[in-house]
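What follows is a short report on a single structure.
Any value given below was found using the heavy atoms of this structure, including those in side chains, with hydrogens, waters and symmetry copies removed.
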Amino acid sequence: MSKIHEKVLSKHKSEAERQVAASRHREPEASIIYNTKHTSKLNVLKSIADAMIVGDESNQNDPNFKAMKRDSFWVTQLHFIVFKILLISVYFVFGIFRYFQYQYNKMRLRVLNIIYNPTSTPQLIRQDVLKLSKVPKRLAAILDMKPIGEVGGGVKGIVNDASEIVCWTVSAGIKHLMLYDFDGVLKTNVQSLRGEIAEKLSLYFGPTDTPNFAIRIPHLNKVYYNGADDENYNAKSEKVIIEISLLSNRDGRETIVDLTRTMSELCLSHDLELSDITMKLIDTELTQLVGHEPDLLLYFGPALDLQGFPPWHIRLTEFHWEADNDQVSYLVFIRGLQKYSTCKINVGK
Amino acid sequence: MTTISNKWHTTLTDRIYHPIINFKHSIYGQFNVQKQNLFIWIINLWLVSWLNRQLQSIMINIIKTGRVPEHISFIMDGNRTYAKNLNMPIKKGHEAGGITLLSLVYACKRMGVRCVSAYAFSIENFNRPKDEVDTLNNLFADKLDEFAIRAKDFQDPLYGAKIKIVGDATMIGDEMKRRIKRVEKITQDGEDFILYICYPYTSRNDIYHAVQRSVEQTLNNEISKDEITIKHFTENMYLESFSNRCDLLVRTSGHKRLSDYMLWQTHENATIDFHSGLWPDFTFIKLYLKLIKLSLYMTVQNYYETTFLSSEQVLRKKAEYYNKWRGNINLSSLPEPPPTISIVGRKS
């Protein structure tokens, strides 16, 4: 039923990509380790002290807390203070442990970075991949835009990271790649992304033999071929080596709700019956609107934070990330592929 | 047969004399203890479990003074491997898993967690051999009855808990449906705490069900089609008001995937924790350590969110201030600058 597909797309076209970063609530661990200001030990101490003195308002609706108030005031207060002090000391012990764990992880990543270093050579990457028994058919990656002041931050940084991943994927022989970023920065900067990918690919494969690629934005139903707009380029006759889809938060919950709205519209005008809505129909529509389910999802942050990746599409997807890592580096990519080659999926068994 | 039972015995007594003992192992071990040791063993068991209980309640009181997540979810994976490792029938593995879940639910309730959900049975699990599905069903029904009795007993720690069985109801038999209805009815007055058992459930089915319900509501003119928003859609899902987010999802036995569970709930702002051990071994202390970690992170994050404004918020606040107090500034309304004099020295 392409009618539904068209209707949802026409809805999408009328609106611009929104910026929702301000309303965003991140996963606690990832947000703390990512933000260098937060990892400062002094600041962590400050926040614990603040929580102790000011108290946490989150407990106020807790029924147990209410029940405690029924006891005598002083007994309750004494209990509370003793336990709070114990909690703070547990936090301290954990904090010290976590500090050493963080340093150990960083050290490990540094060593691994030396071991797995592709130095822009497709042969080396292919050699790494040849050792594996299987590779995923579709790969997805979640990227973060770092603040502009940092190394590898800003739009330039994320575009550079994205094109780097594209080159690794091409070298590994995987044909489908999904790139996700929360705000849709890659979507809005698709032209500079095209240029950057073309440049990086020519660095990897030489300027004469650059592989052809296609960038798809499913939300706007647009496809771009290769680096620059070429009049003579014929998408059908030339072989596209890699298909890249760009996704953002917009493709997640909102697309599913849009689909529901369209379906109810069609039901009201009797173009569609309620009994026609099946799981299969929703699946095919969402596949058209967003893409296929990826087999492996790579995250280049310190702790798994899915950031609103389309929920329908992560059903059986394997996740891979490296603890306390904050760079887009080849070691995450190749170790993810290695993990994937050893895992076995048995649905329901 | 004797060799097998001896093997149970050794592995289990090791566990029992471990300071943080789990009471459930006693039910397998007690038949194998020789008679003359029985008395000492019972005293020991009583003492250790008493200590264990005291320690646990102190730990719970400690974490209660900090932040705890609102909604915790479990994927109970590894029951069968557990049974195989101990050379027991698969049914025993599931039983042990059920006991683990109940003890964790009890601890969560005391900590002030509002909602626990657990993946009891996937729609895909109907692919398993029929006798295993049947034993699972029977076990499940028995556990439900037990839970209902405990939730009504005011001396029991589970008193005041509400239980709901969510999932695709068309796939279960009438007998089972009747039992589920009865249990839900008995516990419907619970307010403080709710336990969702997902049976038989997959998350795609959940989303599909919400789509269907939303469309149905527009057809019945309960809402207009523009009223279908993310919020409204989420409320149509199985977990009702807890469908929006799940603060902590724990999956045991080391697979790093969601297996069609809680996709809508965990794809935003959730902490997903993959634990490498098996589910029956996932004891209170392991959950506790994860919660301490999360509690610290939540405290720090909350401090930054409430104390410091992000740069965007600062800019917005500044703009608001200008709009409110200053209005737009016209360049010509500014006072004249001092006369411009070139270095050559002449007034232009």
Task: Where B/Leu263 and A/Ile314 come nearest, the two heavy atoms and their spacing - done: CD2-O, 3.8 Å
- [ ] Could you tell me which portion of A/Phe94 (side chain, backbone, both or neither) has an atom closer than 4.5 angstrom to a non-hydrogen atom of chain B?
- [x] side chain
TODO: State plainly whether the residues A/Glu318 and B/Arg257 are in salt-bridge range, i.e. N to O under 4.0 Å.
DONE: yes
TODO: Would you check if A/Thr317 and B/Leu258 make a side-chain contact, meaning some heavy-atom pair closer than 4.5 Å?
DONE: no
Task: Value rounded to 0.5 Å, distance of CG in B/Leu289 from CZ in A/Phe97 - done: 9.0 Å
Task: Greatest number of heavy atom pairs closer than 4.5 Å to chain B - which of A/Glu265, A/His313, A/Arg253, A/Glu27 - done: A/Arg253
Open item on the list: Give me the atom names and distance for the closest heavy-atom approach of A/Gly308 to B/Glu268.
Closed with: CA-CG, 3.4 Å
- [ ] Report yes or no: does B/Arg204 contribute a side-chain atom to a donor-acceptor pair with the main-chain N or O of A/Trp312 at less than 3.5 Å?
- [x] yes
Open item on the list: Please find the pair of heavy atoms, one from A/Pro28 and one from B/Tyr297, that lie closest to each other, and give the distance.
Closed with: CB-CB, 3.7 Å
- [ ] Return the minimal non-hydrogen interatomic distance between A/Ile32 and B/Gln301, and the atom names on each side.
- [x] CD1-N, 4.1 Å
TODO: Name the member of B/Asp226, B/Thr202, B/Val215, B/Thr229 that forms the most heavy-atom pairs with chain A at distances under 4.5 Å.
DONE: B/Val215
- [ ] Applying salt bridge (charged side-chain N to carboxylate O under 4.0 Å, His left out), name anything that partners B/Glu227, two or more places apart in sequence or on another chain.
- [x] none
Open item on the list: Minimum heavy-atom separation for B/Gln212 and A/Leu274, please, with both atom names.
Closed with: O-CD1, 4.2 Å
- [ ] Output the option from B/Ile58, B/Asn205, B/Ile230 having the highest count of non-hydrogen pairs under 4.5 Å with chain A.
- [x] B/Ile230
Open item on the list: Counting only non-hydrogen atoms closer than 4.5 Å, does B/Ile123 touch chain A with its backbone (N, CA, C, O), its side chain (CB onward), both, or neither?
Closed with: neither
Open item on the list: Minimum heavy-atom separation for B/Lys225 and A/Ser264, please, with both atom names.
Closed with: CB-OG, 3.9 Å
- [ ] Give, as side chain, backbone, both or neither, the part of A/Ile282 having an atom under 4.5 angstrom from any heavy atom of chain B.
- [x] side chain
Open item on the list: Given 3.5 Å as the limit, does a donor-acceptor pair link the side chain of B/His267 with the main chain of A/Leu306, or not?
Closed with: no
Task: Residues which pass salt bridge (charged side-chain N to carboxylate O under 4.0 Å, His left out) with A/Arg98, listed by chain and number, not counting sequence neighbours - done: A/Glu29, A/Asp324
TODO: For chain A, find which of B/Leu294, B/Asp260, B/Asp247 contributes the most heavy-atom pairs closer than 4.5 angstrom.
DONE: B/Asp260
Task: Interface residue of largest heavy-atom contact number with chain B, from A/Thr260, A/Ile88, A/Val82, under 4.5 Å - done: A/Thr260
Open item on the list: Using only atom types and a distance under 3.5 Å, with no angle test, would you say the side chain of A/Arg315 pairs donor to acceptor with the backbone of B/Ser203?
Closed with: no
Open item on the list: Is B/Arg213 in contact with chain A via its backbone, its side chain, both, or neither, using a 4.5 Å heavy-atom distance?
Closed with: neither
TODO: Pick one of side chain, backbone, both or neither for B/Thr218, based on which atoms fall under 4.5 Å of a heavy atom in chain A.
DONE: both
Task: Options B/Asn269, B/Thr266, B/Ile228, ranked by heavy-atom pairs under 4.5 Å with chain A, top entry - done: B/Ile228
Task: Worked check of side-chain contact (heavy atoms from CB on, under 4.5 Å) between B/Lys64 and A/Phe83 - done: CA-CA 9 Å; B/Lys64 226 160 69 176; A/Phe83 285 129; over 6 Å; no
Task: Under 3.5 Å donor-acceptor, B/Tyr208 side chain and A/Ile277 backbone - done: yes
Task: chain A contact via B/Asp273 - which portion, at a heavy-atom distance below 4.5 Å - done: neither
Open item on the list: Which one wins on heavy-atom pair count under 4.5 Å against chain A: B/Met298, B/Lys293, B/Met59?
Closed with: B/Lys293
Task: Nearest-0.5 Å distance, OG1 of residue B/Thr299 to OH of residue A/Tyr91 - done: 3.5 Å
Open item on the list: If I measure from the heavy atoms of chain A, does B/Phe274 come under 4.5 Å with its side chain, its backbone, both, or neither?
Closed with: side chain
